[in-house]
Amino acid sequence: MQPYTDRYSRQIIFPGIGRAGQARLANSMVVVIGCGALGTVAAACLARAGIGRLRIVDRDFIEYHNLQRQILFDEDDVRNQIPKAIAAERHLRKANSSIEIEGIVADVNYRNIERLAKGADVILDGVDNLETRYLINDVSLKHGVPWVYGAAVSSDGMTMNIIPGKTPCIRCLFPTMPAAGQIATCDTAGVVSSAPFIIGALQSVEAIKILVGAEDVSRDLITVDVWTGAFERLEIGDSPSPDCPACQGKYEFLDARFGARTTYICGQNAVQVVLPSDRELSFEELARRFREIGQASYNEFMLRFAVDGYEMVLFPDGRMIVKGTDDESLAKGLYAKYVGM
Amino acid sequence: MSVRVHVPLPLRRLAGGLTEVEATGSSIREIIEDLDASYPGMKERLFRGDEEPSRFVGIFVDGRDIRLLEGLETAVREDAVVTILPLAAGG
């Protein structure tokens, strides 16, 4: 038996996939945006299922409190300060060396998302905020690429497929985002690992179904509460809303032009600051400067420094994460104060 | 009509931590009024200014989106299950 056939034999036997489906998977590309709990589960399922090309994009590094639910990472990754996208790529290569896996360390935003999603047959959502999801939605509709929404917090999770032109999109269902403070986060509500595990697993199978051309791709919004054991399929209709700006070709999130932008990071009590243009930073120079006023250490992926009781992490593209705060203006101020903007 | 309402996570604090509550009314609009009478603040959270709730939360009657029915005027039967569902953000 050929190694290829042997590796995938159990899912080739499954009639929904079969030999033809497996060949389609091998010729497909999935872009996983966000590699936390959902992203690690989904990426692991997809890599092992033999998706030919897997691109994993994440902006973050790994911390001990991630290990509770982010199954691709281990304590060595935390100690060695390996970014999530890189650690995911390394671990998945060991699980399946026969596919192409590319980890990209980047904050996904309106400037780079079209480049990062280029070539995708399906985009899989593993992000931790709504803004990026509306951005994924715009890119999906603009380029006709299906995406699989998923989210989990507390013991709840939900997922749905967005197939451009054929299903409602996220803005058909939720034209505007909830007000700040009305979104449950992993900080305030916590998260039970089984919730993102189930949702990530459902997302990956929906991606596989879309890729093999299965007829029974889900058209519902699926919700799960792992604590009460409640599963629901909610009917959302089978066509885009005529009032939806995104479905009418108005890509307002993709077209947005933000200035220096801050985002509260779910689960970390941290704020990320992104500047409007990429800037190349010299870690050597900055570390020297920071060591005069505090503590600093760096490797090729990130520079950590602690000053005035704040812990900050800088990335080579000029992005900064300020830990231990939810104050976005404070974070921006610290950026201006210590890095300059 | 008396219906069961699934309370989403962001609204549970207003409902005393309950995941499911009872409410009465013949339409979704009346159900929301009744919820607000029992748990003050619900209406304010579900209507943002004059923006209708369905713009940023999903409301489902017996598993069907009220957008596909009559919106806030959708009639509810006795013992119906009403699900209020904001878009979840965590990942």
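Every chain is numbered from 1 and lettered A, B, ... according to where its sequence line falls, protein lines coming before strand lines. Values below: every heavy atom of this structure, side chains too, minus hydrogens, waters and symmetry copies. Not measured: the values here are computed from a predicted model.
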Student: Which residue, B/Asp62, B/Asp65, B/Leu85, forms the side chain to side chain contact (heavy atoms under 4.5 Å, CB included) with A/Leu234?
Tutor: B/Leu85
Student: Nearest 0.5 angstrom please: A/Trp227 CH2 to B/Thr19 OG1, how far?
Tutor: 13.5 Å
Student: Let's test your reading of the structure: which of A/Asp125, A/Asp156, A/Asp225 forms the most heavy-atom pairs below 4.5 Å with chain B?
Tutor: A/Asp156
Student: To the nearest 0.5 Å, what is the distance between CG (A/Leu173) and CZ (B/Arg67)?
Tutor: 4.5 Å
Student: For B/Glu70, is the CD atom crowded, meaning more than 12 foreign heavy atoms sit under 6.0 Å from it?
Tutor: no
Student: Using 0.5 Å steps for rounding, measure from the CG atom of B/Leu9 to the OG atom of A/Ser155.
Tutor: 7.5 Å
Student: Please flag which part of A/Ser241 lies under 4.5 Å from any non-hydrogen atom of chain B: side chain, backbone, both or neither.
Tutor: side chain
Student: Grab the two heavy atoms, one from A/Ala151 and one from B/Ala89, that are nearest each other, plus how far apart they are.
Tutor: CB-N, 4.1 Å
Student: Examine whether an atom of B/Thr83 lies under 4.5 Å from a heavy atom of chain A, and if so say whether it belongs to the side chain, the backbone or both; otherwise answer neither.
Tutor: side chain
Student: Who passes side-chain hydrogen bond (donor to acceptor under 3.5 Å, both in side chains) against A/Glu252, sequence neighbours left out?
Tutor: A/Arg171
Student: Please output the residues of residues 216-223 of chain A in contact with chain B, using a heavy-atom cutoff of under 4.5 Å, in numerical order.
Tutor: A/Leu221, A/Thr223
Student: Measure distances from A/Asn129 to the heavy atoms of chain B and classify the residue's part below 4.5 Å as side chain, backbone, both or neither.
Tutor: backbone
